[in-house]
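Comments concern the structure below.
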Amino acid sequence: MRLQLSPEDEAFRQEMRTFFTTKVPQTTRDAVAARRDVGREQYVETQRILNAAGLAVPHWPAEWGGRDWTPLQRHIWREEMQLACVPEPLAFNTSMIGPVIAAFGSDAQKQRFLPATANLDIWWCQGFSEPDAGSDLASLRTTAVREGDEYVVNGQKTWTTLGQYADWIFCLVRTDPDAPKKQRGISMLVFPMDTPGVTLRPIELIDGGFEVNEVFFEDVRVPAENLIGEENRGWDYAKFLLGNERAGIARVGATKRMLADAKQLASEVLADGRPLAEDPRMSARIAELENELLALELTALRVVAHSADGKPHPASSVLKLRGSELQQAATELFVDIAGPLSLASFADDDSAVPEWARAATPEYLNYRKVTIYGGSNEVQRTIIAGTILGL
């Protein structure tokens with residue numbers, strides 16, 4: 001099956017492709033293509049280039065930088081960005097807290113935060129998970145006690161991705177410990193990461209990287225005006241935020257690019273004197289992944305098309321579930337193509353082992369996270385069973 005675009009949408013695709021491949025610095029795109037870490041400066045530079053062209057937050061309300069695009073155009077925009085190896089606009093800003101503030105924030109909060117959030121003048125991080133409240137997020141224990149015009153926050157968050165770069169945090173806190181349901185006593189606060197009492201500590205991951213952190217709050221005083229929406233309604237905002245996050249987790253374009261790279265490498269790597277791509281088991285494996293990815297793409301189009309008024313469709317859980325599995329399958333494919341060379345993960349830059357092979361195992365290990373963040377896949381299956389299948 002092939003998707004056939006209208007002439008107008010095909011022209012739109014070419015417009016996006018031309019922009020992404022000519023306006024974003026080649027050095028940044030090369031780093032993404034080689035699966036190297038992209039630094040804070042490259043993220044900021046790229047997002048500001050996109051924002052200046054009106055391409056950073058097309059899904060936001062038009063008054064805050066959004067575009068009157070069709071669901072298909074939004075899909076094309078994201079896919080072409082990923083295919084061109086362009087760092088995507090920071091999800092914490094554009095897919096998480098930005099839409100929440102646009103939907104539930106006060107007028108003053110919208111004026112204060114949305115332009116800076118779109119332009120990455122503020123780098124946000126997410127304060128949701130805790131040591132004993134990961135998949136069961138509603139069990140969080142970080143507290144916020146109202147004292148006059150301030151909240152006093154105490155507790156701990158963990159797995160705070162890229163928190164070392166962040167200027168502000170959006171944080172779920174318990175404001176009513178006596179609420180009859182644990183989901184009802186939660187609120188959302190935002191505050192600077194350099195607020196007195198905030199301590200960040202890096203966590204080393206299995207791939208040797210330091211992209212996540214634990215964050216401690218000790219008598220952190222937050223102005224009451226930094227409450228998003230209503231007190232004790234934070235769980236509703238969190239569900240809205242996570243639905244938006246899951247819709248973008250499918251990463252169809254990025255996985256397409258990975259599979260294309262894998263196919264090229266399989267045609268170059270020799271096994272028993274012939275290209276690995278000629279091995280029937282390898283060719284069948286690649287074909288199966290491509291078919292699964294096409295099915296995911298069609299599902300993504302249906303989800304976006306049925307998302308009304310910016311509210312995510314319940315089937316976004318399907319995208320998160322299957323998209324994360326296919327991303328993991330693609331990284332595993334690279335390891336198997338590299339074979340023994342994948343063991344040279346920490347070789348020096350002047351090693352004779354190709355860079356792609358050295359990156360294969362760390363990337364494979366790092367991608368174990370994608371079936372956990374945004375709500376673990378076990379939780380997504382429960383959501384699918386209840387909200388889609390009615391079980």
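Scope of the values below: all heavy atoms of this structure, side chains included, with no hydrogens, waters or symmetry mates.
Ring geometry for F217 versus F191: interplanar angle over 60°, hence perpendicular rather than tilted (30 to 60°). Using cut-offs of 30° and 60° for the angle between ring planes, the W168 and F113 rings count as perpendicular.
A side-chain donor-acceptor contact under 3.5 Å links N93 to the backbone of T117. Side chain of S342 to main chain of A338: no donor-acceptor pair is present (N/O by atom type, distance under 3.5 Å, no hydrogens or angles). A distance-only check finds a donor-acceptor pair linking the side chain of R257 to the backbone of Q82 [under 3.5 Å]. Side-chain atoms of T18 do not come within 3.5 Å of backbone N or O of E15 as any donor-acceptor pair. When atom types are taken as modelled, the side chain of S106 and the backbone of Q109 share a donor-acceptor pair closer than 3.5 angstrom. No donor-acceptor pair closer than 3.5 Å links the side chain of R67 to the backbone N or O of L55.
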Report task. Would you please test R274 and E268 for salt bridge (charged side-chain N to carboxylate O under 4.0 Å, His left out) and show each step? Result -> CA-CA 9 Å; R274 63 174 184 169; E268 299 171 357; over 6 Å; no
Report task. For the pair D207 and R358, evaluate salt bridge (charged side-chain N to carboxylate O under 4.0 Å, His left out) and give the outcome as yes or no after the intermediate values. Result -> CA-CA 12 Å; D207 66 347; R358 283 183 278 136; over 6 Å; no
Requested in this report: For R141 and E130, run salt bridge (charged side-chain N to carboxylate O under 4.0 Å, His left out): C-alpha distance rounded to whole Å, both residues' side-chain angles, the deciding distance at 0.1 Å, then the answer.
Outcome: CA-CA 8 Å; R141 294 187 295 185; E130 299 184 3; 5.1 Å; no
Query raised in the report: Going through the distances and angles, do D9 and R13 end up as a side-chain contact (heavy atoms from CB on, under 4.5 Å)?
Result: CA-CA 6 Å; D9 286 329; R13 181 184 287 280; over 6 Å; no
Report task. Could you give me the CA-CA distance, side-chain angles and deciding distance for T175 and N232, then say whether side chain to side chain donor-acceptor pair (under 3.5 Å) is met? Result -> CA-CA 6 Å; T175 44; N232 299 325; 2.5 Å; yes
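Remark: aromatic rings of Y43 and W123 are close, center separation under 6.0 Å.
A cation-pi arrangement is found for R368 relative to Y364, the charged atom lying closer than 6.0 Å to the ring centre and inside a 45° cone about the ring normal. Under a cutoff of 6.0 Å and an axis angle of 45°, R29 and F20 do not form a cation-pi pair.
Residues V190 and I169 fail the side-chain proximity criterion, which asks for heavy atoms closer than 4.5 Å. Using a 4.5 Å heavy-atom threshold, the side chains of E63 and K110 count as separate. The closest side-chain heavy-atom distance from V100 to I228 is below 4.5 Å.
Atom OG1 in T70 sits 9.0 Å away from atom CG in D68 (nearest 0.5 Å).
A salt bridge is absent between E214 and K157: the closest approach of a Lys/Arg side-chain nitrogen to an acidic carboxylate oxygen does not fall below 4.0 angstrom. For D121 and R112, the salt-bridge test fails: no basic side-chain N is under 4.0 Å from an acidic carboxylate O. Salt bridge status for K256 with E79: present, with a side-chain N to carboxylate O gap under 4.0 Å. Between R285 and E288, no side-chain nitrogen of the basic residue sits less than 4.0 Å from a carboxylate oxygen of the acidic one, so the salt-bridge criterion is not met.
The neighbour count for K263 NZ, taken as heavy atoms of other residues, nucleotides or ligands under 6.0 Å away, does not exceed 12. Surrounding CD of E218 are at most 12 heavy atoms belonging to other residues, nucleotides or ligands under 6.0 Å away.
Side-chain N/O atoms of S139 and D132 include no donor and acceptor closer than 3.5 Å.
Residue V86 forms a side chain to side chain contact (heavy atoms under 4.5 Å, CB included) with just one option from T46, T21, V32, and that option is T46.
Placement of F216 and L200 in two distinct hydrophobic clusters is found when ILVMFWY residues are connected by side-chain heavy-atom separations under 4.5 Å, directly or transitively.
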